Amino acid sequence: MSKKLLLKDAHIEGIRYFETYRKQGGYGAAEKALKMTPDEILEEVKASGLRGRGGAGFPTGMKWSFLAKPEGVPRHLVVNADESEPGTFKDRYLMEFLPHLLIEGMLISSYCLGSNTSYIYIRGEYSWIPDILEEAIEEAKAAGFLGKNILGTGFDLEIYVQRGGGAYICGEETALLESLEGKRGNPRLKPPFPAVKGLWERPTVVNNVESIAAIVPIMDITGAEYAKIGVGRSTGTKLISACGNINKPGVYEIDMTITVEEFIYSEEYCGGIPNGKKLKACIPGGSSVPIVPANLLLKTINGEPRYMNYESLADGGFATGTMMGSGGFIVLDEDQCIVEHTMTLARFYNHESCGQCTPCREGTGWMYKILKKIENGQGKIEDIDLLWDIQRKIEGNTICPLGDAAAWPVAAAIRHFRDEFEWHIKNPELSQTQNYGLANY
Ligand code: L3W
Ligand code: SF4
């Protein structure tokens, strides 16, 4: 059984409220941290090996150490709760059921970073969660854990919750900052990174909800102990939101030492695939990461089992591997049609492109149109190469990662499932009436 750090108290009735959270030892980590210096906390976070849980996996301690500290300029912590990556719903779970874990993590992190005004930017569609967070903020304030002179330390902190307007692109950190400033959420060119020039041009750390929540157990058990959980550079625990063709969709906390096979088939996690169907493929890190066929998902190219961690999932690069991403784990059984699935994703990225860069603005639309043609039995065999060419021209040529995120699913689908694209083209009538998966497996 995986060790639980974040969700250990999630089953306790009323844990959403301060009194119950406190009874379980809540805010103990903050009390401990506020007796330490910011530099000592930073050392703990670095020692923990925590990597950003939003998708990029960037080392949190390193990001915090990049924060510029010019004299007299305020600094900010911004929590990225714009969880919009298809297949990803773990931050929603944390905020809905354990809001004080996030608030406590923000208190420790804000103290470490020297932020007296911190923000939670939450996706607009999570319409019921800001009230939960604001209630938790009020409770924490009433108990002296937010506001002026917290626990007599002289440290002041206010936390504000800002709702997004429902745009996926506002999950990209610089688009988020633009939106928080009241502007259209267009990503900025980097560098400068937010750590140097962020919110209102002030040094800013933007971190995912789960990353900030993980600061609480790190302070509880120490960074060194946290780093002992997991394997290699995949330290600590990771929340996985599992969905698709599985018996038990939900949010699971894993310690990154289990295999993909165990995650999909064991009763502790996904509980296998309904109706005894075969596993066809999986997208383990949210819709932006490459899809992997079952043979490469259950083992690596060297025949080793594939593990649920950053390194093992990426083993072999994009030719045979994928990414941990945000932990949005989407399972596809033998009945699913990869062309239809890829088309749906292409439509999503085309719709969500902010339109600033030509390769993304135009390319995502072209990819969607070509995929739609193929799916509807009107494609030509040259269209497959055209699709490949378009995705190659998007990848690496845009301001923000949405371009790559749109290109990778198409590239991986063609690389691993070219036969399905060809089937649609060679069987136009069947293509219009049948699902490839149902017809061929
Ligand atoms: C200072 C430097 N800071 C890097 C910081 C940077 C950012 C973090 C990671 O995209 C990915 C994307 C999605 N000085 C720095 C520095 N930083 N060098 O480190 O940066 P980066 O550019 O690697 O990634 P990103 O822009 O944060 C995130 C992928 O995640 N994704 C997940 C999407 C998830 C959601 C969700 O719903 N949670 O949308 C899935 O694959 O495609 O590649 O903070 O400032 N020298
Ligand atoms: Fe906008 Fe796409 Fe360019 Fe990102 S890659 S800035 S979403 S056009």
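What's counted below: heavy atoms across the whole structure, side chains too, no hydrogens, waters or symmetry copies. Because the structure is a prediction, the values reported are computed rather than measured.
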Kindly indicate whether the side chain of [X], heavy atoms from C-beta on, has any atom under 4.5 Å from the side chain of [Y].
X	Y	value
Thr398	Leu402	no
Phe263	Pro284	no
Leu5	Tyr226	yes
Gln356	Arg361	no
Lys90	Arg53	yes
Glu173	Leu177	no
Glu13	Thr20	no
Val251	Ile240	no

State, to 0.1 Å, how close [X] and [Y] come at their nearest heavy-atom pair, and which atoms those are.
X	Y	value
Ser110	Leu77	OG-CD2, 3.6 Å
Met308	Met324	O-CE, 3.5 Å
Asn397	Arg392	ND2-O, 4.2 Å
Thr88	Gly328	OG1-CA, 3.9 Å
Ala319	His416	O-CE1, 3.1 Å
Gly325	Val289	CA-CG1, 4.1 Å

[X] and [Y] ion-paired at < 4.0 Å:
X	Y	answer
Lys228	Glu225	yes
Glu420	Lys280	yes
Arg92	Glu210	no
Arg418	Asp385	yes
Asp333	Lys278	no
Lys190	Glu172	yes
Arg16	Glu135	yes
Lys183	Glu178	yes

Would Phe417 and Phe421 count as a close aromatic pair, with their ring centres under 6.0 Å?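 Between Phe421 and Phe417, which both carry aromatic rings, the centre distance is not below 6.0 Å.
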Looking at Phe348 versus Tyr168, is the centre-to-centre ring distance below 6.0 Å?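 Yes, the ring of Phe348 comes within the 6.0 Å limit of the ring of Tyr168, centre to centre.
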Test item: side-chain donor near acceptor, Ser288 and Glu85, under 3.5 Å: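 Yes, a side-chain donor-acceptor pair sits under 3.5 Å.
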Side chains of Trp128 and Glu96: any donor to acceptor distance under 3.5 Å?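 Yes, Trp128 and Glu96 have a side-chain donor paired with an acceptor closer than 3.5 Å.
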Given side-chain contact (heavy atoms from CB on, under 4.5 Å), test Glu375 with Cys337 step by step and report yes or no. CA-CA 9 Å; Glu375 167 66 12; Cys337 173; 3.8 Å; yes
Mark yes when over 12 heavy atoms from residues, nucleotides or ligands other than [X] sit less than 6.0 Å from its [atom1]; otherwise mark no.
X	atom1	value
Glu181	CD	yes
Lys299	NZ	no
Lys380	NZ	no
Phe58	CZ	yes
Trp388	CH2	yes

Test applied, side chain to side chain contact (heavy atoms under 4.5 Å, CB included); reference residue, Cys282; option that passes from Leu297, Leu298, Thr322: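 Of Leu297, Leu298, Thr322, side chain to side chain contact (heavy atoms under 4.5 Å, CB included) with Cys282 is met by Leu297 alone.
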Criterion side chain to side chain contact (heavy atoms under 4.5 Å, CB included) against Leu113, the qualifying member of Asn207, Ile108, Val205, Leu42: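 Among Asn207, Ile108, Val205, Leu42, the one that satisfies the side chain to side chain contact (heavy atoms under 4.5 Å, CB included) with Leu113 is Val205.
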I'd like to know whether Ser179 forms a side chain to side chain donor-acceptor pair (under 3.5 Å) with Tyr121, so could you lay out the CA-CA distance, the side-chain angles of the two residues, the decisive distance to 0.1 Å, and finally the verdict. CA-CA 9 Å; Ser179 173; Tyr121 184 97; 2.6 Å; yes
NZ or CZ of Arg233 within 45° of Tyr310 ring axis and under 6.0 Å: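 Not flagged: Arg233 not positioned over aromatic ring of Tyr310.
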Please walk me through it: do Tyr21 and Glu104 pass side chain to side chain donor-acceptor pair (under 3.5 Å)? CA-CA 10 Å; Tyr21 182 75; Glu104 185 178 3; 2.6 Å; yes
